[in-house]
Amino acid sequence: MNLDGYAAILPVPCAALGVWLDADGGLAGIDFLPPETPVRAANIPAVQALQVELAAYYANPAHRFRLACLPPGTLFRRRVWAAIAAIPAGRTRTYGEIARDLGSAPRAVGQAVGDNPLPILIPCHRVLAANGLGGFMHGRAGFPLAVKRWLLRHEGLPVA
């Protein structure tokens, strides 16, 4: 796994978090990485602001992120990400519910959810399948679902 593109790799309770910055030094994306990934701090304002926000979320899962933004993407993806961002902590919605609200199909919503560049800030872990947990980070097993389960449990939701 090539970690060179990350501006920082932060420790988080369930994994490591790779942080991407844009050309202007702003937050462009975050990726969950396996917990054994070596961390790498960065004295960069966007990374420091993210660390403050994450610490607040881990202390209080109802914390509302001030860094949440709508990343660039197609109009449809931005609509899906806005719908996800509106889901409060401790609550979930299904792909189908979001699809109905947007006049779309659950599979298209699932693709947009999986492509979310700012998980946690845009809480895609709060989107479930109609009959279970669904996927996370385009994965349906292993590490991605372990992260999703941890995040949902952290927010007080029962997860099998």
Side-chain angles (χ1 to χ4, degrees), residues 6 8-22 26-35 46-102 104-160:
Y6 294 113
I9 300 173
L10 308 175
V12 295
C14 59
L17 204 62
V19 180
W20 297 97
L21 299 179
D22 62 23
L27 184 61
I30 53 180
D31 293 325
F32 283 101
L33 304 171
V47 173
Q48 292 171 327
L50 176 61
Q51 287 177 292
V52 168
E53 291 288 323
L54 289 171
Y57 171 74
Y58 294 125
N60 174 13
H63 173 73
R64 289 186 138 316
F65 288 99
R66 290 184 216 103
L67 298 177
C69 61
L70 211 49
T74 66
L75 177 60
F76 175 73
R77 285 176 183 224
R78 292 168 47 117
R79 289 177 60 215
V80 170
W81 297 334
I84 296 167
I87 304 170
R91 304 257 173 111
T92 60
R93 298 201 63 212
T94 67
Y95 298 101
E97 289 169 337
I98 294 171
R100 261 190 312 281
D101 290 350
L102 300 179
S104 183
R107 187 166 300 218
V109 168
Q111 281 298 116
V113 170
D115 289 344
N116 171 17
L118 296 171
I120 299 183
L121 301 180
I122 300 174
C124 52
H125 60 278
R126 296 178 189 155
V127 182
L128 306 176
N131 59 355
L133 197 56
F136 190 63
M137 303 183 308
H138 291 297
R140 295 185 155 265
F143 173 69
L145 287 191
V147 170
K148 184 172 186 169
R149 283 185 180 96
W150 190 95
L151 291 166
L152 291 170
R153 285 184 188 123
H154 174 64
E155 294 184 4
L157 294 165
V159 181

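What you see is a predicted model; the values in this text were computed from it and never measured.
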Can you check whether [X] reaches [Y] side chain to side chain, under 4.5 Å on heavy atoms?
| X | Y | answer |
| --- | --- | --- |
| Leu50 | Ile30 | yes |
| Val109 | Phe76 | yes |
| Leu152 | Thr92 | yes |
| Leu33 | Tyr6 | yes |
| Phe65 | Pro123 | no |
| Leu54 | Leu17 | yes |

Between [X] (side chain) and [Y] (backbone), is there a donor-acceptor pair under 3.5 Å?
| X | Y | answer |
| --- | --- | --- |
| Asn116 | Ile122 | yes |
| Trp81 | Pro117 | no |
| Glu97 | Thr94 | yes |

Provide the closest heavy-atom pair for [X] versus [Y] in the form atom of the first, atom of the second, distance.
| X | Y | value |
| --- | --- | --- |
| Ala99 | Ala105 | CB-C, 3.5 Å |
| His125 | Lys148 | O-CE, 3.3 Å |
| Pro144 | Ala141 | CD-O, 3.3 Å |
| Ala83 | Ile98 | CB-CG2, 4.1 Å |
| Ala16 | Pro34 | CB-O, 3.8 Å |
| Phe143 | Pro35 | CE1-CD, 3.8 Å |

(message) I'd like to know whether Val47 forms a side-chain contact (heavy atoms from CB on, under 4.5 Å) with Leu27, so could you lay out the CA-CA distance, the side-chain angles of the two residues, the decisive distance to 0.1 Å, and finally the verdict.
(response) CA-CA 8 Å; Val47 173; Leu27 184 61; over 6 Å; no
(message) Enumerate the salt bridge (Lys or Arg N to Asp or Glu O under 4.0 Å) contacts for residues 109-137, please, sequence neighbours excluded, ordered by first and then second residue.
(response) Arg77-Asp115, Arg126-Glu155
(request) With side-chain contact (heavy atoms from CB on, under 4.5 Å) as the test, would you mind laying out the steps for Tyr57 and Leu151 before giving the verdict? (result) CA-CA 10 Å; Tyr57 171 74; Leu151 291 166; 3.9 Å; yes
(request) Evaluate side-chain contact (heavy atoms from CB on, under 4.5 Å) for Arg140 paired with Leu133, printing each intermediate quantity in order. (result) CA-CA 9 Å; Arg140 295 185 155 265; Leu133 197 56; over 6 Å; no
How long is the straight-line distance from [atom2] of [Y] back to [atom1] of [X], given to the nearest 0.5 Å?
| X | Y | atom1 | atom2 | result |
| --- | --- | --- | --- | --- |
| Asn60 | His63 | CG | NE2 | 8.0 Å |
| Thr74 | Arg78 | OG1 | CZ | 9.0 Å |
| Met137 | Cys124 | CE | SG | 9.0 Å |
| Arg100 | Arg93 | CZ | CZ | 8.5 Å |

(message) Just to verify, what does Trp150 make a ring-ring contact (aromatic ring centres under 6.0 Å, His included) with, not counting sequence neighbours?
(response) Tyr58, His154
(request) Just say parallel, tilted or perpendicular for the rings of Phe136 and Phe32, cut-offs at 30° and 60°. (result)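 Rings of Phe136 and Phe32: tilted, 30 to 60°.
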(request) Let me see the working for Val127 and Ile84 under side-chain contact (heavy atoms from CB on, under 4.5 Å), right down to the final yes or no. (result) CA-CA 7 Å; Val127 182; Ile84 296 167; 3.9 Å; yes
(request) Report, as yes or no, whether the 6.0 Å neighbourhood of atom CZ on Arg153 holds more than 12 heavy atoms from other residues, nucleotides or ligands. (result)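 Atom CZ in Arg153 is crowded, with more than 12 foreign heavy atoms closer than 6.0 Å.
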